[in-house]
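Let me begin by presenting the structure, written as C-alpha cells, before commenting on it.
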Amino acid sequence: MTVTYNFAYLDEQTKRMIRRAILKAIAIPGYQVPFASREMPMPYGWGTGGVQVTAAILGPTDILKVIDQGSDDTTNAVSIRKFFGRTAGVRTTTRTADATVIQTRHRIPETPLRDNQVLVFQVPIPEPLRFLEPRETETRRMHALEEYGLVQVKLYEDIARHGHIATTYAYPVKVDGRYVMDPSPIPKFDNPKMSDCPALQLFGAGREKRIYAIPPHTRVASLDFDDHPFERWRHPGRCALCGADDSFLDEVITDDHGTRMFVCSDTDFCEARRAAGHGPDAPGATAPDPARGTEASHG
Amino acid sequence: MGALLAGFADPVLAAQATFRGVMDALARPGTIVPLIDTIAAPAPLSAAAAAAALTLLDGDTPVWLDAPLAAQADVAAWLRFHTGAPIVSSPADAAFAIVADPERLPPFESFAIGSLENPDCSATLILQVRSFDAGAPLAVAGPGIADRAILRAAPLPNDFPARLVANRAMFPRGVDLLLVTGTAVAALPRSVTLLGEA
Amino acid sequence: MYVAVKGGERAIENAHRLLAHERRGDRSLPEITTAQIAEQMTLAVDRVMTEGSLYDRELAALAVKQARGDLIEAIFLLRAFRATLPRFGTTLPLDTAAMRIRRRISAAFKDLPGGQVLGPTFDYTHRLLEPSCSDPAEPATAEAAAGPTPRVTDLLAADDLIETTARPAGDGGETPPGDLTREALTFPAERDLRLQNLARGDEGFLLALGYSTQRGYGRTHPFAGEIRLGEVALEFFAEDAGFALPLGRITVTECQTINQFKGSASTPPRFTRGYGLAFGHCERKAMSMALVDRALRARELDEEVKAPAQDEEFVLSHSDNVQATGFVEHLKLPHYVDFQAELGLVRRMRRDHEAASGSSREASSDDPAPEQIREAAE
C-alpha cells in the first residue's frame with residue numbers, strides 16, 4: 001500500500017482547527033486555548049505540540065530552524081527538522097537571523113529576534129498552577145477569577161526556606177498583567193527575552209492539548225516580590241569557545257577528575273561569534289549586548 | 001442559482017498564506033496586511049472575506065451572515081459547498097460572523113463572548129469595510145503593538161469606539177474583529193485598548 | 001581542545017539501521033509475515049486495533065511487526081496513521097443484540113435464551129506449556145446458536161430491574177456523541193467521552209483500576225451480566241440515498257456488568273450497568289472497561305467519590321498509554337539546560353548551608369569555591 005501525506009503532514013481540517021486555536025490564543029495573550037491535539041508520528045512529550053503549531057503555520061517560503069537545549073544538532077532537533085524538510089519541503093537553517101520560524105525546546109536564542117519571525121515553543125506542562133493544584137477544573141477556575149495567590153505563596157515559601165526563590169526554570173510569568181503563564185522549561189535567564197519581543201511567540205502542548213501565545217511587544221513579567229525581585233542566572237564566566245560572557249552556558253565535564261568547562265548553550269550564537277574572530281583568548285573582543293547582560297533584571 | 005464559483009486553486013497553500021496574513025494582522029492589531037490569495041465569490045461577499053472564510057471555516061464552525069449576505073442565496077450556497085460550515089440564524093450560535101454592512105452590525109453582546117473559564121469560545125467577526133483610508137483614525141495600544149497604532153476603516157458603526165472600549169472592559173471575554181477590504185486585512189482583537197480617536 | 005557535540009543526524013540514521021537489523025533477528029530463520037501475525041497473533045492484533053482506535057487487521061499486524069512486538073509502540077503507529085485519515089461520517093450505532101455470536105457467557109443466569117456459548121477461551125485451559133500447540137487437531141465445529149440471543153440486560157430491563165438508559169438528563173438521543181480525537185476533552189466529561197477514553201485506554205491501567213474497585217477502592221458490587229464476542233454489522237446512513245448502507249461486519253467484544261444501586265426517594269431500587277466494548281477479542285479489556293465505567297458514574301449516581309477509579313480527571317487524564325509512554329520516555333531527551341540551572345541553585349544552597357552551619361572544612365572538588373559560583377545576578 002502507499003501512504004501519502006499532506007503538505008506539512010497535517011490534514012487541512014486539523015490545520016484549520018489549530019489555526020483557529022492560534023488566533024484565539026493571540027487574542028487572549030497567555031490564556032491556554034484547548035485544542036484537539038492529534039497523534040503525531042513522534043511521541044507525546046517530544047515536541048508534538050510545537051510540531052502541530054509549526055505545521056499549521058508553515059508555508060513554502062518559510063525558513064525553519066529547530067533547536068533543542070539551544071542547539072541545532074541535538075538528536076530531537078535534527079529529527080524534527082528532518083520531518084519538516086521531508087513533509088513540507090521547506091528550507092531549513094541553523095542561523096537564527098535567517099529563520100522565519102524557529103521551533104525550540106527549552107531555550108530562547110541569544111540573538112535578538114525580529115518582527116518577521118515566529119518562535120514556537122514545545123511545552124510539556126502548560127499549566128503554571130499544575131504542581132500546586134493537579135485538577136484542571138480547579139486551575140481553570142483560578143485563571144478565570146485571576147486567583148493567583150497560590151503561586152505567590154509557593155514562591156514566598158521558597159524565600160522563607162532558602163532565602164531566595166528556588167525556581168530555576170519554567171519560571172512563571174504574567175502576560176500583559178492578566179494571565180499567569182508557564183514559559184515552558186526555559187531557564188529563567190531567558191525570561192526577560194519574552195517581554196516586548198518583536199517576534200510572535202506561540203506555545204504548543206500536544207499531550208496536554210493546549211495552545212497559547214504572546215503577541216509581539218507584549219509585557220511579560222516574571223513573578224516576584226518587591227523585596228525579592230526576579231533575578232536572571234547563568235554560570236558566571238566566559239564561554240570556553242567564543243569567550244562570550246553574556247550567554248547561557250552549559251557545563252561540560254571533560255574528564256573523570258572533575259575538570260569542567262563552560263560553553264554557550266546556543267550553538268549558532270557561539271559559532272557566529274567564533275566565525276567573527278572571537279575566541280576564548282580574546283575576551284576583549286567581545287561586544288556584549290547590554291540587553292542580554294547578566295544583571296539582575298526586574299521582570 | 002447558476003454555476004458555483006470555484007474555491008482556491010491551490011487550497012493547501014492558499015489557505016496557509018491567507019492564514020499567515022490573518023495571524024500577522026491579529027498579532028499586530030491595527031496593521032494592514034495584504035491578502036494575496038483572494039477569491040471571486042458571489043456578491044456581496046468580498047474577495048478577502050471569502051479567502052478568510054475558506055481558510056478558517058469548516059463543519060465545526062457555525063457562521064452567521066448579516067442581512068445583505070443572507071439575502072443572496074448564492075452566498076450561503078457557496079459557503080456551504082466550499083467550507084461545509086452550518087449557517088445559523090442567531091448570532092449567539094456563531095463561531096464566525098461575516099458582515100457586509102458593518103454600519104448595521106448587531107451589538108457585540110449578541111455574539112458569543114465566551115466565559116471567564118473558556119473565553120476562547122467566542123465569536124470572530126469578519127467585517128467587510130470599503131477602505132482603510134477613510135473613517136476616523138482610531139489610536140490603539142495593547143499586546144502586539146509597540147507603542148500605539150492608528151487604524152482607519154470605513155464604514156463602521158457610529159458607536160464603534162464605545163464598542164471597542166466595552167469589548168476591552170469585558171476581557172478576557174469579548175469578540176475579535178477582522179476588518180477586510182477586497183485585498184487586505186486588519187484586526188482588532190479584544191486585547192486592544194482604545195487610546196482615542198486620534 | 002573541546003569540540004561541541006555534532007553528528008546527531010548520522011547517529012539517528014545509524015540507530016534506524018540498527019533497529020531494522022534487530023527487528024529482522026536471525027536471518028537464517030524465515031521472516032515473519034504480517035499475514036502470519038494477523039492470523040496467529042490475533043489477540044495482539046485485536047489489542048492494537050482497540051487501543052489504536054482503528055479497525056484494520058492488516059495495518060495492525062504490520063504495526064506489531066514493525067514495533068517488534070511492542071504493543072504500545074504498535075498502538076502508537078496505528079494512532080499516528082489514523083490521525084491523518086479523512087473523516088467521511090459516522091456509522092449508525094452497532095446493534096450488538098443482532099451479533100453473530102461466537103462466545104457468550106453470563107455469570108448472572110444459569111441458562112438463558114440463546115444459551116451459554118463458551119467459544120474460544122483460555123478460561124478452562126490448564127496453563128501448561130504445550131509444544132503441540134503448534135499443530136492442533138481440528139476443532140469440533142462450534143455451532144452458533146440458532147435464533148435470537150437477547151442481551152441479558154435487555155431481559156432484565158423488560159422487568160424494569162435495570163436502568164434502561166444512562167443518557168445525561170435532557171438528552172433524548174439527538175445529540176451526537178462527542179469525539180475526543182476531534183475536540184479537546186474537558187471536565188466534567190459525559191459518559192460518551194468517558195467511554196471513548198476508556199476504549200482507547202491502556203488495558204493494564206484499566207485492569208489495575210478495575211481490580212482496585214473489587215478490592216474496596218470504590219466498590220460497585222459487579223456481576224458479569226454478559227460477555228459476548230462475535231460479528232456485528234456496520235451500517236452507514238447515506239443522506240443522499242436516504243437509507244442505511246451496509247459497510248460490512250466487524251468483530252467486537254462487549255461486556256455489561258450488573259451493579260448494585262440502592263435507589264433513592266424518587267427512584268425505585270434498580271440495577272445499574274457498567275459497559276465495555278472493544279474491537280476483536282479483548283475480553284480482559286472489555287471487562288476492565290465495564291468496571292471502570294461503572295466506577296466513574298459515581299457523580300451521576302450520587303455516590304461518594306473517594307477512590308482513584310471513581311476520579312474522572314485522574315482516570316481519563318492518565319489512561320492513554322501513547323500519551324503516558326511519550327511523557328515518561330521523554331525524560332531520555334536532553335534536559336541539560338534546566339539541569340545546569342538546577343545545578344547552580346544546589347551549589348548556592350550548599351554554600352548557604354555551609355555558611356549557616358559554620359563549617360570551616362575545605363570545599364570539596366564538586367563544591368567549587370564560592371567566588372567561582374557567585375551568581376552573576378547578585
Side-chain angles (χ1 to χ4, degrees), chain A residues 6-8 11-13 15-36 55-62 88 100 115-116 118 137 140-146 175-179 196 198-202 211-220, chain B residues 8 10-29 31 52 54-61 83-85 95-96 114-124 141-147 149 171-178 187-193:
Chain A
N6 195 12
F7 176 82
D11 61 279
E12 288 304 296
Q13 193 181 349
K15 283 186 198 164
R16 269 192 303 274
M17 177 271 296
I18 295 172
R19 286 168 179 166
R20 291 192 295 259
I22 290 172
L23 296 184
K24 287 299 171 193
I26 291 170
I28 315 167
Y31 165 76
Q32 303 162 53
V33 180
F35 81 112
I57 67 173
L58 209 59
T61 58
D62 277 312
T100 57
D115 66 0
N116 60 351
V118 183
T137 35
R140 187 155 282 275
R141 191 187 57 80
M142 289 157 75
H143 284 295
L145 302 176
E146 233 177 319
V175 181
D176 196 41
R178 177 58 177 80
Y179 281 101
D196 197 28
L200 170 64
Q201 299 170 79
L202 299 176
I211 286 172
Y212 51 103
I214 303 175
H217 302 294
T218 299
R219 277 182 301 139
V220 179
Chain B
F8 284 135
D10 186 335
V12 173
L13 298 184
Q16 188 275 335
T18 306
F19 168 72
R20 279 291 275 276
V22 171
M23 180 179 90
D24 281 347
L26 207 67
R28 293 166 179 81
T31 304
L54 290 191
T55 301
L56 298 172
L57 305 189
D58 58 29
D60 294 333
T61 54
T83 72
F96 286 88
S115 63
L116 287 175
E117 282 80 11
N118 295 91
D120 56 303
C121 297
S122 48
T124 302
I145 303 168
D147 175 28
F171 192 88
R173 296 180 299 163
V175 295
D176 304 307
L177 310 177
L178 298 178
L188 293 170
R190 70 193 73 185
S191 59
V192 298
T193 298

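Predicted model, so just to flag it, every value in this text is computed and none were measured.
- Looking at residues two or more places apart in sequence or on another chain, you find a ring pair (Phe, Tyr, Trp, His ring centres under 6.0 Å) between A:Y179 and A:Y31.
- Ranking B:A17, B:A146, B:A15, B:P143 against chain A, the residue ahead of the rest is B:P143, based on heavy-atom pairs under 4.5 Å.
- In this structure, the portion of A:A56 lying under 4.5 Å from any heavy atom of chain B is its backbone and not its side chain.
- Both the backbone and the side chain of A:D115 have a heavy atom closer than 4.5 Å to some heavy atom of chain B.
- For the pair B:R190 (side chain) and A:I28 (backbone), a donor-acceptor distance under 3.5 Å is absent.
- With chain A as the partner, the residue from B:T61, B:V12, B:D176, B:L57 showing the most heavy-atom pairs under 4.5 Å is B:V12.
- With chain B as the partner, the residue from A:I214, A:V118, A:I26 showing the most heavy-atom pairs under 4.5 Å is A:I26.
- To the nearest 0.5 angstrom, B:T55 atom OG1 is 10.0 Å from A:L23 atom CG.
- Using a cut-off of 4.0 Å between Lys/Arg side-chain N and Asp/Glu carboxylate O, B:R20 and A:D62 are scored as salt-bridged.
- Counting all heavy atoms, side chain and backbone alike, A:G177 lies closest to A:E146 at O-OE2, 3.8 Å.
- Evaluation of the ring pair (Phe, Tyr, Trp, His ring centres under 6.0 Å) rule for B:F96 yields no partner, not counting sequence neighbours.
- The parts of B:N118 that come within reach of chain A are both its backbone and its side chain, each placing non-hydrogen atoms under 4.5 angstrom from that chain.
- Ranked by heavy-atom pairs shorter than 4.5 Å toward chain A, the options B:G142, B:G174, B:S122 are led by B:S122.
- Put simply, CE on A:M142 and CD on B:E117 are 13.0 Å apart, with the number rounded to the nearest 0.5 Å.
- Across all non-hydrogen atoms, the minimal contact from A:R16 to B:L54 is CD-O, 4.3 Å.
- Atoms CG and OG1, on B:L178 and B:T124 in that order, are 6.0 Å from each other to the nearest 0.5 Å.
- Both the backbone and the side chain of A:Q13 come within less than 4.5 Å of a heavy atom of chain B.
- Ranked by heavy-atom pairs under 4.5 Å with chain B, the list A:A144, A:G59, A:P60, A:P215 is led by A:A144.
- Residue B:L13 touches chain A through its side chain alone, counting heavy-atom pairs closer than 4.5 Å.
- Among A:V175, A:V33, A:I57, A:N116, the residue making the largest number of heavy-atom pairs under 4.5 Å with chain B is A:I57.
- Only the backbone of A:L58 comes within contact range of chain B, with heavy atoms under 4.5 Å apart.
- Using a 4.5 Å cut-off between heavy atoms, A:I22 touches chain B through its side chain atoms alone.
- Proximity to chain B (any heavy atom under 4.5 Å) is shown, for A:R19, by both the backbone and the side chain.
- The residue among B:P189, B:P29, B:G144 with the most heavy atom pairs within less than 4.5 Å of chain A is B:G144.
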Where do B:D58 and A:R20 land on the salt bridge (Lys or Arg N to Asp or Glu O under 4.0 Å) test, with the steps shown first?
CA-CA 11 Å; B:D58 58 29; A:R20 291 192 295 259; 3.2 Å; yes

